[in-house]
Amino acid sequence: MESWLLLLRSSSTSLFPFNAAHHPNPKSHLASTTICSSVRVRKPPQTSLKTIWQPVSLSLFGSGLVVGPLLDGLHSRVELVVYQNGNGAINIGPLNTNIWVPLLLGLFYCTIGLLQLFIDETAPSNVREGSLGRTAASLLALVVFIELSAEMYKAGVADNVEICILFAAAEMIWVLFDRTRLGFALACIVGIGCPLAEIPIMKFFHLWYYPQANIEIFGQGLVSWTITCYFVYTPFLINLSRLVKSIVVSRNAKASS
């Protein structure tokens with residue numbers, strides 16, 4: 001019987017060599033284990049938007065100032081939207097626009113971008129790191145989408161057919177570049193809110209109009225499927241804002257080191 005007890009004791013010692021009871025200093029062993037686990041779990045501190053909103057805002061505004069009118073020109077070249085002469089309309093080569101459009105689009109980029117970064121801080125579980133590749137791909141998808149809508153408009157595709165095609169394409173782009181409920185909700189708000197925001201600008205300042213509008217709201221003509229264009233704009237602005245924030249944070253870190 002004693003031989004069996006000795007055999008069990010020796011086997012338990014070989015199976016559990018780091019048992020606290022056999023460790024030369026059990027307290028130090030447990031303390032080191034606790035420290036190591038805490039180091040593994042600890043995450044780097046997140047930079048608050050309050051400390052970087054100014055450079056982020058300027059970058060987003062500058063992006064809208066340059067990129068926005070170029071994308072808008074894809075629609076103005078097929079006369080989906082016409083800028084009225086005498087109210088700041090200008091032609092730069094094939095680009096038809098208005099002197100106020102770059103400022104308005106800069107404000108649009110800045111507002112949606114900052115709103116997304118604020119959402120990221122309040123719901124960090126849905127946050128993706130800023131990526132140049134993802135941002136460039138979402139911009140390319142936006143360009144293709146706007147060009148597709150312009151070509152279908154130019155070809156005289158029926159509005160109900162075009163809006164069905166564009167809705168399906170918009171959903172696919174959201175799945176590819178966002179796939180979050182908050183992103184979908186923001187895209188819906190932007191898609192509905194931005195065409196409505198155009199109404200007072202057209203009605204009171206007469207900067208542009210839609211010559212073949214198919215719906216009328218508050219006495220102002222709009223094209224129904226433009227809501228899908230604003231919807232697809234949102235994933236690009238989400239990725240752009242995150243990319244801009246990551247660049248600003250990286251530069252600040254290098255400057256402080």
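Numbering starts at 1 and runs along the sequence shown.
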### Query
If we only count heavy atoms from C-beta on, is the Gln212 to Asp159 side-chain gap below 4.5 Å?
no
### Query
Any link between Leu58 and Leu105 through a network of hydrophobic side chains (Ile, Leu, Val, Met, Phe, Trp, Tyr) touching at under 4.5 Å?
no
### Query
Given side chains that start at C-beta, do those of Tyr230 and Ile192 come closer than 4.5 Å, heavy atoms only?
no
## Note on the structure
Between Phe218 and Lys203 the two heavy atoms that sit nearest each other are O-NZ, 3.2 Å
### Query
At what distance, to the nearest 0.5 angstrom, does CZ of Arg134 lie from CZ of Arg128?
4.0 Å
### Query
What distance do Leu166 atom CG and Phe145 atom CZ have between them, rounded to the nearest 0.5 Å?
4.5 Å
### Query
Out of curiosity, Asn98 CG to Gln84 CD, how far, rounded to the nearest 0.5 Å?
9.5 Å
### Summary
Ser224 and Asn214 have their tightest heavy-atom pair at N-OD1, 2.8 Å
### Task
Please identify each residue that fulfils side chain to side chain contact (heavy atoms under 4.5 Å, CB included) with Ala141, with sequence neighbours left out.
Ile173, Phe177
### Task
May I ask you to decide if Phe167's main-chain N or O and Thr228's side chain share a donor-acceptor pair within less than 3.5 Å?
no
### Message
I'd like to check Ile201 versus Leu104 (side-chain heavy atoms, cut-off strictly below 4.5 Å). Are they in contact?
### Response
yes
### Message
Tell me if the aromatic rings of Phe231 and Trp174 count as close, with their centers under 6.0 Å from one another.
### Response
no
#### Entry: Sequence neighbours excluded, every pair satisfying ring-ring contact (aromatic ring centres under 6.0 Å, His included) that has a member inside residues 232-257
Phe108-Tyr233, Tyr109-Tyr233
#### Entry: Smallest separation among heavy atoms of Glu198 and Trp208, with atom names
OE1-NE1, 3.2 Å
### Query
Quick one: does Asp178's side chain get under 4.5 Å of Phe184's, heavy atoms only?
no
### Message
If you define the side chain from C-beta out and look only at heavy atoms, does anything of Met152 sit under 4.5 Å from Trp225?
### Response
no
### Query
Are Leu103 and Leu65 close enough that some pair of their side-chain heavy atoms sits under 4.5 Å apart?
yes
### Query
Can you hop from Leu142 to Leu132 via hydrophobic side chains spaced under 4.5 Å?
no
### Query
With a 4.5 Å heavy-atom cut-off, do Val248 and Trp53 have their side chains touching?
no
### Query
Nearest heavy-atom pair of Ser256 and Ala253: which atoms, and what distance?
OG-O, 3.0 Å
Just list the side-chain donor-acceptor pairs under 3.5 Å for residues 66-81, sequence neighbours left out, or say none.
from, atom 1, to, atom 2, distance (Å)
Asp72, OD1, Tyr83, OH, 3.4
Asp72, OD2, Tyr83, OH, 2.3
His75, NE2, Ser149, OG, 2.8
Ser76, OG, Gly73, O, 3.3
Ser76, OG, Asn96, O, 3.0
Arg77, NH2, Glu147, OE1, 3.0
Arg77, NH2, Glu147, OE2, 2.5
Arg77, NH2, Glu151, OE2, 2.8

### Message
With rounding to the nearest 0.5 angstrom, report the CG to OG1 distance, Leu182 to Thr122.
### Response
7.5 Å
#### Entry: Test side chain to side chain contact (heavy atoms under 4.5 Å, CB included) applied to Thr226 and Leu222, step by step
CA-CA 8 Å; Thr226 56; Leu222 296 171; 5.6 Å; no
### Task
Could you check Leu139 against Val143 for side chain to side chain contact (heavy atoms under 4.5 Å, CB included), going step by step and ending with a plain yes or no?
CA-CA 6 Å; Leu139 174 60; Val143 171; 4.3 Å; yes
### Query
So, Ser250 side chain and Ser246 main chain: donor-acceptor pair closer than 3.5 Å or not?
no
### Query
With the 4.5 Å side-chain cut-off for hydrophobic clustering, are Val232 and Ile189 part of the same group?
no
### Query
Quick one: CG on Asn160 to CD1 on Ile165, what's the gap to the nearest 0.5 Å?
10.0 Å
### Query
Among the clusters formed by ILVMFWY side chains lying less than 4.5 Å apart, do Leu207 and Ile199 turn up in the same one?
yes
### Message
For a quick test of reading the model, state the closest non-hydrogen atom pair linking Leu243 to Ser131 and the distance between them.
### Response
CD1-C, 3.9 Å
## Note on the structure
Ser241 and Leu60 have their tightest heavy-atom pair at CA-CD2, 4.0 Å
### Message
Contact between Ile52 and Lys245 at the side-chain level, heavy atoms closer than 4.5 Å - yes or no?
### Response
yes
### Message
With a 4.5 Å cut-off on side-chain heavy-atom distances among I, L, V, M, F, W and Y, is there a chain of contacts connecting Trp100 to Leu107?
### Response
no
### Task
Give, for atom CG of Leu117 and atom OG of Ser48, the distance between the pair rounded to the nearest 0.5 Å.
11.0 Å
